[in-house]
Visitor: 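Can you read through this structure? Questions will come right after.
The chains referred to below are lettered A, B, ... by the order of the sequence lines, with proteins before strands, and numbering in each begins at 1.
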Amino acid sequence: MENIQLSEPHPSLTIYNTLTKQKEPFRTVQPGKVGVYLCGPTVYDKAHIGHMVGPVIFDCIKRYLTYSGYEVTWVVNITDVDDKLINKANERGISMLEVAEENIADYNFNLAALGVDQIDHFPRATDCMGDIIALVQSLVDEQYAYEAEGDVFFDVTKDGDYGKLSNRTVEGTHGDGGGAAARKRNAADFALWKSAKPGEPSWDSPWGKGRPGWHIECSAMSKKLLGETFDIHGGGLDLVFPHHENEIAQSECCHDKPFAVYWAHNGLLRRDAAAGKIGGRAERDASEPGASAPSEPGVSAPSEPGASAPGEEAVSGKMSRSKGAGGLAELIERQGGERIRFFLLRTHYRSTVLFSEPAIEEAATGLETFYRLFKRYTRVGGGDFYALTAPTTRGASSLTVGNDPALDAAETARTKFLAAMDDDFNTGGAIGELFELAKIANKYCDDHKLEGGAGDAGSVATFELLLTTIKELANTLGLFLQAPAETGGAASDELLAAAMEVVMTLRAEARIAKNFATADAIRDGLKPLGIVIEDRPTGAEWTGGGPDAVDGVMQLLIQIRADARAAKDFATGDAVRDRLKEIGVTLEDRAGGTEWVKA
RNA sequence: GGCGCCGUAGCCAAGUGGCUAAGGCAUCGGAUUGCAAAUCCGACAUCCCCGGUUCGAAUCCGGGCGGCGCCUCCA
């Protein structure tokens, strides 16, 4: 096989290569340019969260490489021809294309919500038939593949390197050959082209009507968009064999050149320690009868907290089959994309991640630290964190070392952040440094009493520099690019109702106490928000109020509390705060006023 | 059976030969606050077990135990 001359290594960046099973200095096929190919989804169903791991980490990889001065082209393929798509189309009485379109739309929505916007090309198998057929033909011509009754198979015995990625031998792959076994020369041979059964979608080819095998599309698309040898090929760890092994076999036999230089595989998501990967066999087979009768009501019965509820377990397997495959859009609706992205990036991309919604919420608690700091920045200087201009390329630090201990500390954290990212994109370690920077900024703000307009211009500028550094680094992770979307309409309606209940209770109490000034102030205060109060013999009722009214109601409550506190009526003031807490809203008193936060 | 990965505090998680083992969540002290919230300061780890290599090991090697993946569609 022809040897490829790679560029000089990057001075500090290393990347783990599944092919060599070690971290390697980063070199490129073409100086300054990087071609990245990530195996995307087979769009026969809605995406689940496991489908987002690769896109999120590769989105970071592209951002970080770009930041490091490379020109990156990133391709994610869409498999829109496949048995499962055909089956789904038949079940639902619609075309394969319609199934694909629906799920591609879902996939794109999910990517956008998680901030994955760096993908340059989104090739679909059905748009690349000419390239696929040409590649298969070339393999047949070179005797690496053979035709059998309209099918075309790759002959693994013709590839001396077969198995090098997944570290196996042709003998070691003891598959049964699948349904097409009879036509294969060797059980490990795999289909490049599948003949069409009656009624199936098909394309004309030199071997008759048919469609491509799964693996060949990636070889064809990567060649078309990135060339015969490109830099980084990614995908889930579960794709190493047979998918990526077969891609290598096809492409390297066809071109007599290395296919991809680095193979980067992300770890898989699991529901809990004892479960398989999300969307994995255990979940798919959950409808099998006699699936599981967990835990004998036995002697030792350790009674672990989570180990109980076997009945629920048995049901949840089934649920995940019908609901679990989809549900990502709903999860995003509940949690918000940035929290999910943050959750995924806390762990190194090659690790297994135990996914659960409480785990996302725990991670999100940490995210709030940053959001609060950004609000604090606004209070200090009136600026918007998201509008700050931060460096987009990796250069000398803008932190002027030596002027202030805070800047020195920030410079140290920045250096550690970059070192972590240089070390095989260690986003978890990098995020730790982001927290360090947040602490430095908060402390600086405390020490220099910047809130309440007491800070001198120089201190405010230093504070801003600290925030700019957070933005510079976080943006390479695709975090804090824009303010997180507000909670959805339904959620804000609920919040409005809950807040109004607090208001109405307060007002009723004021009226009982003959404190009509307060009661009337509440009613007058609500009017501009479009909320009308009517006192009836059975009690007061309220109507109106749109999504924008929530903040107004909160402001009113904050005002009521402020008035009560000014009048030393701490009972009322505390009652407001405590009742809001019951509906998940916390009040935060600061130099510049009180703010409300929905948990 | 074959090929791999993993086991760090109550939980999550960096670190993979050498300063006090990052960081987050939770908890407990302190500063601050009318009381809170937020913020800051502080507390909180015999690095799964046993052996070996080494001046020195969470980190390397060997052996256990436990968990997971792939070998069949999969991110």
Side-chain angles (χ1 to χ4, degrees), chain A residues 18 21 23 38-42 44 47-58 76 79 82-84 163 166-169 171-178 188 214 234-243 245 265-270 273-281 283-284 342-343 346-348 350-354 356 358-359 361-369 372-373 375-376 413 416 420 423 426-436 438-439 441-447 451 565 568 570-571 573-574 577-578 580-581 585-590 594-597:
Chain A
T18 307
K21 299 190 175 29
K23 285 180 196 168
L38 176 71
C39 283
T42 301
Y44 70 99
H48 59 249
I49 183 159
H51 290 121
M52 294 295 116
V53 178
V56 166
I57 181 60
F58 276 83
V76 177
T79 303
D82 173 90
D83 285 337
K84 288 202 287 293
S166 57
N167 195 19
R168 7 184 138 225
T169 58
E171 301 77 53
T173 62
H174 59 240
D176 61 5
W214 177 34
L237 213 40
D238 52 353
L239 297 184
V240 173
F241 187 93
H243 186 53
E245 195 69 72
H265 289 103
N266 61 266
L268 306 175
L269 253 42
R270 279 194 275 151
K277 67 187 177 184
I278 284 180
R281 183 177 7 184
E283 294 191 355
R284 290 192 305 273
F342 186 74
F343 167 75
R346 286 194 323 164
T347 308
H348 188 94
R350 279 188 283 112
S351 302
T352 301
V353 173
L354 264 46
S356 69
E361 277 156 11
E362 187 201 302
T365 305
L367 250 192
E368 294 296 329
T369 298
R372 277 187 228 106
L373 174 61
K375 284 187 188 167
R376 203 173 190 192
K416 287 163 95 173
D423 182 10
N426 181 357
T427 54
I431 284 174
E433 298 308 320
L434 246 29
F435 276 104
E436 203 61 42
K439 183 181 288 186
N442 270 318
K443 187 171 169 52
Y444 188 86
C445 193
D446 283 355
D447 290 350
E451 290 212 57
R565 292 170 76 205
K568 303 280 186 229
F570 292 120
D574 290 352
R577 187 185 64 207
D578 294 345
L580 282 176
K581 190 163 191 173
V585 172
T586 42
L587 295 182
E588 301 178 1
D589 291 335
R590 356 196 82 109
T594 301
E595 292 191 11
W596 65 277
V597 180

Visitor: Who passes salt bridge (Lys or Arg N to Asp or Glu O under 4.0 Å) against A:D446, sequence neighbours left out?
Guide: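 In terms of salt bridge (Lys or Arg N to Asp or Glu O under 4.0 Å), with neighbours along the sequence ignored, A:D446 is linked to A:R376.
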Visitor: Looking at residues at least two apart in the chain, or sitting in another chain, which of them share a salt bridge (Lys or Arg N to Asp or Glu O under 4.0 Å) with A:K581?
Guide: none
Visitor: Are the charged groups of A:D589 and A:R565 less than 4.0 angstrom apart, N to O?
Guide: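 Yes, A:D589 and A:R565 are salt-bridged.
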Visitor: Below 3.5 Å between N/O atoms, which protein atoms pair up with nucleotides 35-38 of chain B? Just atom names and distances, please.
Guide:
from  : atom 1 : to     : atom 2 : distance (Å)
B:C35 : O2     : A:R577 : NH1    : 2.8
B:C35 : O2     : A:R577 : NH2    : 2.4
B:C35 : N3     : A:R577 : NH1    : 2.4
B:A36 : N6     : A:D589 : OD2    : 3.2
B:A36 : N1     : A:D589 : N      : 3.4
B:A36 : N1     : A:D589 : OD2    : 2.9
B:A36 : N3     : A:R577 : NH1    : 3.4
B:A37 : N1     : A:D589 : O      : 3.0
B:A38 : O3'    : A:R372 : NH1    : 3.2
B:A38 : O2'    : A:R590 : NH2    : 3.0

Visitor: Rounded to whole angstrom, note down the P distance from B:C6 over to B:C60.
Guide: 9 Å
Visitor: Strictly under 3.5 Å: I want the nitrogen or oxygen pairs between protein and nucleotides 40-45 of chain B, one per line.
Guide:
from  : atom 1 : to     : atom 2 : distance (Å)
B:C40 : O4'    : A:D446 : OD2    : 3.2

Visitor: A:H51 NE2 to B:A75 C1': how many Å, rounded?
Guide: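 Checked: the NE2 to C1' distance equals 5 Å.
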Visitor: Looking only at side-chain atoms of A:F435, point me to the closest of B:A75, B:G67, B:G23.
Guide: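 Looking only at heavy atoms from C-beta outward on A:F435, the closest nucleotide is B:G23.
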Visitor: Could you write out each protein N or O paired with an N or O of nucleotides 3-5 of chain B at a distance under 3.5 Å?
Guide:
from : atom 1 : to     : atom 2 : distance (Å)
B:C3 : O3'    : A:N167 : ND2    : 2.5
B:C3 : O2'    : A:S166 : O      : 3.1
B:C3 : O2'    : A:N167 : O      : 3.3
B:G4 : OP1    : A:N167 : ND2    : 2.5

Visitor: Produce the list of close N/O pairs, under 3.5 Å, pairing protein atoms with atoms of nucleotides 14-22 of chain B; give distances to one decimal.
Guide:
from  : atom 1 : to     : atom 2 : distance (Å)
B:A14 : OP1    : A:H348 : N      : 2.6
B:A14 : O3'    : A:N426 : ND2    : 2.6
B:G15 : OP1    : A:N426 : ND2    : 2.7

Visitor: Say you pick atom P in B:G15 and the same atom in B:G51; how far apart are they, in whole Å?
Guide: 28 Å
Visitor: Between A:F342 and A:T42, just flag the one whose closest nucleotide in RNA chain B comes earlier from the 5' side.
Guide: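 Comparing both residues, the 5'-ward one is A:F342.
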Visitor: Does the aromatic ring of A:F570 sit over the six-membered base ring of B:G34, closer than 5.5 Å centre to centre and tilted less than 30°?
Guide: yes
Visitor: How long is the line joining CZ of A:F241 and P of B:A75, in whole Å?
Guide: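 Nearest whole value for this atom pair: 17 Å.
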Visitor: Taking the C1' atom in each of B:G56 and B:A37, what is the distance between them to the nearest angstrom?
Guide: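 B:G56 and B:A37 have their C1' atoms separated by 48 Å.
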